[in-house]
Structures are given as C-alpha cells and as structure tokens.
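Encoded as structure tokens, the structure appears first; notes follow it.
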Amino acid sequence: MKAIRYFKLFYFIADHWNTKLALFTVHHEIKGERKYLIDSSEIDDLHTQQIQSPNLKHASIYQPTNYYLIEKAFDYLRSENENDNILDFGCGKGRVMIVAAHYGFKNITGVDFVQSFCQEAAWNIEKVQPQFPATKFEVYCEDATQYKIGNDQTVF
C-alpha cells in the first residue's frame with residue numbers, strides 16, 4: 001500500500017515539477033517515514049473532505065512538508081536554541097509535530113481544519129508519545145485563522 005502512495009507522490013511531483021525533484025522527494029519520504037515511524041506520505045484532495053470553512057477556497061491539496069526541509073529547518077532552530085514551543089498551522093497528519101519532538105520541542109501544537117487529518121495526527125502522535133513522555137502534544141481541529149496564538153508559542 002505504501003508503495004502505491006510513493007508512486008502517486010512521485011508521479012504528482014514529476015508531472016507538476018520534474019523527475020529529479022520527484023526522485024529526491026520520494027527518497028526522503030521513504031527515509032523519513034522509516035526514521036520517524038509514522039505514516040503521512042500522500043497527497044489528498046481537500047475538496048473531497050467535509051470541511052466547513054470559507055478558507056477552503058484557498059486550499060487544494062494536502063501534501064506534507066518534505067522531511068529533508070523539516071530537518072534542515074529544525075537543525076537551524078536547534079542552533080538558535082529555539083526548540084521549546086512550536087505551533088504548526090496546517091498540521092495535517094502530524095509530521096512536523098513528530099519531527100519537532102525528535103528535535104527536542106516540549107510543547108507542540110498543531111492546528112488543521114480537516115477532521116480526518118486531525119485524527120490521523122492524533123494516531124501518529126499516539127505511536128510516538130512513549131518516546132517523549134515529557135512532551136506535550138495538542139491537536140486542534142479548527143480553521144487556523146480562528147486559532148488564538150499563545151504568548152509562549154514562539155516558532156510557527
């Protein structure tokens with residue numbers, strides 16, 4: 001089943017950008033899913049979801065951030081000692097949240113307006129939570145434009 005997802009991802013990226021980027025992305029998808037033990041590699045059409053938000057018109061697909069980019073960003077944040085609180089707008093299935101825990105974030109919040117993605121994020125978090133007993137994960141299923149940012153949330 002995962003092989004089909006990787007093929008679809010490859011085809012999507014190759015069709016919209018190029019084959020070299022598709023190979024690079026799929027390579028890092030496979031590597032990241034194995035490393036972080038989660039399942040979040042796929043592209044979903046948001047218009048097939050039951051989303052009650054006027055902001056749906058600004059969205060088209062769910063495509064998670066590439067693991068390579070996430071790790072580069074978190075390497076930088078760690079070097080700046082900015083790895084305590086993070087707020088992931090459009091958290092999808094929780095990928096950035098879980099990688100953040102591996103990089104030492106202790107207060108991790110995700111916001112997404114797709115109920116099924118929030119459920120998948122919660123399931124992915126549940127799988128890794130025992131590795132991070134001191135980490136507080138929260139997932140809010142609401143429109144990101146309605147979320148009230150806390151004073152302690154410093155990385156977005």
Side-chain angles (χ1 to χ4, degrees), residues 1-13 16 25-26 28-74 77-78 82-156:
M1 184 66 174
K2 281 188 182 184
I4 293 170
R5 283 194 220 168
Y6 294 137
F7 178 75
K8 286 181 180 179
L9 179 62
F10 172 85
Y11 180 76
F12 178 85
I13 295 170
H16 287 83
T25 301
V26 171
H28 286 283
E29 287 299 302
I30 293 168
K31 186 176 162 185
E33 297 284 278
R34 288 180 180 163
K35 180 177 180 178
Y36 297 106
L37 304 174
I38 61 173
D39 188 13
S40 62
S41 288
E42 67 186 309
I43 294 175
D44 287 317
D45 182 352
L46 295 179
H47 296 285
T48 64
Q49 303 287 326
Q50 294 181 346
I51 301 169
Q52 302 299 318
S53 170
N55 290 315
L56 178 59
K57 66 184 176 193
H58 301 294
S60 57
I61 61 168
Y62 161 79
Q63 182 179 1
T65 305
N66 183 275
Y67 284 105
Y68 178 83
L69 295 175
I70 297 169
E71 290 175 339
K72 291 294 182 192
F74 285 147
L77 290 169
R78 189 184 322 186
E82 286 290 337
N83 61 339
D84 186 38
N85 295 300
I86 187 168
L87 173 55
D88 182 10
F89 287 113
C91 70
K93 299 173 184 181
R95 174 180 291 189
V96 169
M97 298 173 70
I98 289 165
V99 177
H102 282 270
Y103 275 79
F105 283 85
K106 298 296 180 209
N107 298 294
I108 303 170
T109 305
V111 179
D112 206 300
F113 65 178
V114 181
Q115 182 67 38
S116 63
F117 294 172
C118 293
Q119 289 170 338
E120 288 192 51
W123 293 329
N124 280 322
I125 290 165
E126 190 176 305
K127 286 188 250 180
V128 301
Q129 181 74 66
Q131 296 174 49
F132 307 101
T135 301
K136 179 182 172 188
F137 289 96
E138 294 181 299
V139 177
Y140 294 95
C141 194
E142 64 182 78
D143 192 311
T145 63
Q146 303 303 308
Y147 181 81
K148 301 294 182 212
I149 299 171
N151 289 335
D152 60 339
Q153 293 172 315
T154 56
V155 176
F156 306 94

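On a predicted model such as this, the values are computed, not experimentally measured, just so you know. Just so you know, these numbers use all the heavy atoms, side chains as well, and skip hydrogens, waters and symmetry mates.
- Here the side chain of Q153 pairs a donor or acceptor atom with the backbone of G150 at under 3.5 angstrom.
- Nearest heavy atoms, A101 versus I108: N-CD1, 3.5 Å.
- Side-chain contact between L9 and I43 is present, with heavy atoms from C-beta onward closer than 4.5 Å.
- Around the NZ atom of K127, the shell of radius 6.0 Å holds more than 12 heavy atoms that belong to other residues, nucleotides or ligands.
- A side-chain donor-acceptor contact under 3.5 Å links N85 to the backbone of D152.
- Under the 4.5 Å side-chain criterion, counting only non-hydrogen atoms from C-beta, K93 is not in contact with I38.
- Separation of atoms CG (N83) and NE2 (H102) is listed at 14.0 Å; rounding is to 0.5 Å.
- The pair D39-R5 meets the salt-bridge criterion, since a charged nitrogen lies less than 4.0 angstrom from a carboxylate oxygen.
- In this structure, OG1 in T135 is found 10.5 Å from CE in M97, a value given to the nearest 0.5 Å.
- Annotation: Y11, atom OH; neighbour count of heavy atoms from other residues, nucleotides and ligands within 6.0 Å does not exceed 12.
- Within the 3.5 Å criterion, the main-chain N or O of G92 finds a donor-acceptor partner in the side chain of D112.
- The distance from atom SG of C91 to atom CG of N124, rounded to the nearest 0.5 Å, is 10.5 Å.
- Classified by interplanar angle (parallel below 30°, tilted 30° to 60°, perpendicular above 60°), the ring pair F137/F132 is perpendicular.
- Minimum heavy-atom separation, A144 to V111: CA-CG1, 3.9 Å.
- Taking the side chain as every heavy atom from C-beta outward, Y67 and S40 approach each other to under 4.5 Å.
- Taking the side chain as every heavy atom from C-beta outward, V99 and F74 approach each other to under 4.5 Å.
- Separating the OH atom in Y147 from the CG atom in L87 is a distance of 5.5 Å, to the nearest 0.5 Å.
- With salt bridges taken as basic N to acidic carboxylate O contacts below 4.0 Å, one links R95 and E33.
- Side-chain atoms of E71 never come within 3.5 Å of backbone atoms of N66 as a donor-acceptor pair (strictly under, hydrogens ignored).
- Separation of atoms CG (N107) and CD1 (I86) is listed at 11.0 Å; rounding is to 0.5 Å.
- Sparse packing is recorded around CD of E126, with 12 or fewer heavy atoms of other residues, nucleotides or ligands lying under 6.0 Å away.
- Surrounding OH of Y103 are more than 12 heavy atoms belonging to other residues, nucleotides or ligands, all under 6.0 Å away.
- Contact of the Y36 side chain with the V128 side chain is not registered, since no non-hydrogen atoms from C-beta on lie closer than 4.5 Å.
- Here E82 contributes atom CD and L77 contributes atom CG; the two are 7.0 Å apart, rounded to the nearest 0.5 Å.
- Between F156 and F89, the ring planes lie parallel to each other; the angle is under 30°, not in the 30° to 60° tilted range.
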